[in-house]
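For reference, positions follow the sequence shown, starting with 1.
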Amino acid sequence: MTPADLAPGAHGDDLFRLLVASVRDYAIFLLNPDGIIVSWNAGAERIKGYAAGEVVGRHFSIFYTDEALAKDWPAEELRRARRDGRLEDEGWRLRKDGSCFWANVIITPIRGPAGDLLGYSKVTRDLTERREHEERLRRSEESLRSLVEGVQDHAIFPLDADGLVTSWNAGAQRVLGHRADEIVGTHFAVFFSDDDVNAGKPLTELTIARNAGVSEDVGWRVRNDGTRFWADSTLTALRDAGGVTRGFVHIVRDLSERRRVQELETEGRRINEFIAMLAHELRNPLAPIGNAVGIIERVADTPELVWCAQLIGRQVGHLARLVDDLLDVGRITSGKIQLRRELVDLNAIVSAAVESVRPLMTGYAHVLDVQVPDEPIPMQGDATRLTQVVVNLLTNAAKYTPNGGLVQLRLEARGMLALLRVSDNGIGMSKQLIETAFNLFVQGDRTLDRAEGGLGIGLTLVKRIVALHGGTVSVMSAGFGQGSEFTVRLPITTQPAASTAGADAAV
């Protein structure tokens, strides 16, 4: 083609036809007044898949889906184009291979000098990729909206640039108490206390978020009913491409329960520290008191004085046991109960523990029935702590059995397990008490004659010590007045202590 070919004149129509024919991004073709295709360009072949020889002379309805044909949509398009002078439409169209694509269609009627209809020009663009992108974006926005609206534990809602609430999610209604129709359009300062509003805190948070991008705060917020709650609040600025703040996203979490738990834990630690300090302070005077009682018993020259000395001695012993229990509370709550492991005879340990509690059983006028095997039951363990397990179980049985009751202890070896059972015919245990019996400071009901009931940590110690030895402990009771039975299972071993024998273990 020469420059002369581009000059205006006779070649102009040919040049235009060449231009249209070479366009590849648009399907451009002509229809006669009846909708028959009379021309076809390269873009039409690329987009629709037909060669010119395959499609010229056919009705343009071949590009429409069955659904569109059922509505006679091709004829309706031509009718509207004639009426309005132009038709633009988007919808699904068909390629030669039967696949669908999303098309933008413009149909323009072509008229002669006298206004008579000569045909139509039809321009089609394939917008499938754009539609898929828009559909993905729409689904993403819907998913995000559904996610935000479905969140129950967080109040998540947008604000405009001035701090006015523009939408409301279910979590916001649950946390802050407002319905959407009550709060949308209201300034978010309504969630602050009067003191915070007067101090300008809402405006300060907006300013910080606008300048820094985000503002975070932990403090009191106010619900719709006027109650306050401890909240974690985040305000994030939403900026456009130019960096201008168009609004904010406000996220509020109710931390009231966490704050309450933290306060309880802090208070619990203070109580434990106080108990440990108290136990040490109480333990100091016990030794001199005990020594003084021993001297009084040796020099007492009247029955009354001997009785007083023995009474004081018994009470000092009881107080010493309570103080030891208090010291163990600190070890329990800190997760440390010390063990010194060695090869021990569980049979001998049980027998020694039984002898130590006989005076207690005699004081309650109980019958203590003990059955242990003749042969030793060897195991790796801490003799002192295992003795404490047996003593605590027997003491517990004695205290919760009416005077003159029956307490039984059975020890036997079954395979590689030692089974220790302590049962009584005492007051029994409810189902609820059975579930919590091994918890710290849990006690059964006591009458006034059970005044030496202790601190409610004996069974907790039993469980921890048994667990440290690789065993388990359980309790059964038929109910009130039916007595109780505790069963301890401990592993038997004849192996010598490991290289760490004698070292402390803790849990």
Side-chain angles (χ1 to χ4, degrees), residues 268 271-272 275-276 279 321-341 344 346 349-350 352-354 356-357 360 377 379-401 407-412 414 416-424 426-446 452-478 483-493 504-507:
I271 292 174
N272 292 334
I275 289 174
R321 288 192 297 272
L322 291 179
V323 170
D324 287 339
D325 284 348
L326 285 173
L327 290 172
D328 278 332
V329 168
R331 299 185 184 104
I332 290 173
T333 54
S334 63
K336 296 180 179 178
I337 298 180
Q338 302 299 322
L339 292 187
R340 297 191 66 82
R341 296 180 182 273
V344 297
L346 185 59
I349 289 173
V350 169
V354 167
S356 71
V357 298
L360 177 66
I377 300 180
M379 65 171 293
Q380 293 290 337
D382 185 320
T384 301
R385 288 299 186 180
L386 289 171
T387 301
Q388 189 177 9
V389 167
V390 182
V391 169
N392 280 351
L393 290 176
L394 290 172
T395 302
N396 186 77
K399 291 176 179 178
Y400 291 99
T401 300
V407 177
Q408 295 179 310
L409 182 148
R410 302 287 185 267
L411 176 65
E412 61 178 313
R414 288 187 182 178
M416 296 305 293
L417 280 181
L419 267 63
L420 171 68
R421 294 195 300 273
V422 176
S423 60
D424 60 68
I427 64 175
M429 302 173 69
S430 65
K431 181 179 179 181
Q432 180 180 5
L433 182 57
I434 288 175
E435 293 175 351
T436 60
F438 296 102
N439 293 347
L440 195 60
F441 302 128
V442 172
Q443 294 176 313
D445 293 333
R446 296 200 308 269
E452 295 183 1
L455 300 173
I457 67 173
L459 294 181
T460 304
L461 281 170
V462 167
K463 182 176 181 180
R464 297 292 182 91
I465 294 170
V466 170
L468 277 175
H469 286 84
T472 61
V473 58
S474 59
V475 59
M476 295 191 314
S477 176
S484 304
E485 180 177 279
F486 288 83
T487 302
V488 175
R489 296 172 175 83
L490 291 166
I492 297 174
T493 178
D504 290 340
V507 67

Ile427 and Thr401, any side-chain heavy atoms less than 4.5 Å apart | no

Checking side-chain contact (heavy atoms from CB on, under 4.5 Å) against Val422, which of Leu409, Val475, Val350 comes through?
-> Leu409

How far does OH of Tyr400 sit from OG of Ser477, to the nearest 0.5 angstrom?
-> 13.0 Å

Distance in Å, Met429 CE paired with Phe486 CZ, rounded so as to fall on 0.5 Å steps | 4.5 Å

Pairwise distance OG1(Thr487) to CG(Leu420) - rounded to 0.5 angstrom | 8.0 Å

Check: Ser474 and Arg489 side chains under 4.5 Å, non-hydrogen atoms | yes

So do the side chains of Asp424 and Asn396 get within less than 4.5 Å of each other, counting heavy atoms only?
-> no

Say you draw a straight line from CZ of Arg464 to CZ of Arg385; how long is it, rounded to the nearest 0.5 Å?
-> 12.0 Å

Measuring from Leu386:CG to Leu346:CG, what's the distance to the nearest 0.5 Å?
-> 6.5 Å

Nearest-0.5 Å distance that lies between atom OG1 in Thr387 and atom CD1 in Ile349 = 5.0 Å

Would you confirm whether Ser356, through its side chain, and Ala353, through its main-chain N or O, come within 3.5 Å as a donor-acceptor pair?
-> yes

Any side-chain heavy atom of Glu412 within less than 4.5 Å of one from Arg421?
-> yes

Arg341 side chain reached by Asp382 side chain, heavy atoms, under 4.5 Å = no

Within the side chain of Thr493, is there an N or O that forms a donor-acceptor pair under 3.5 Å with the backbone of Gln380?
-> no

Side-chain contact, heavy-atom cut-off 4.5 Å: Leu490 with Leu417?
-> no

Do Thr395 and Lys399 have side chains that get closer than 4.5 Å, going by heavy atoms?
-> yes

Should Leu411 and Leu419 count as side-chain neighbours, where that means a heavy-atom distance under 4.5 Å?
-> no

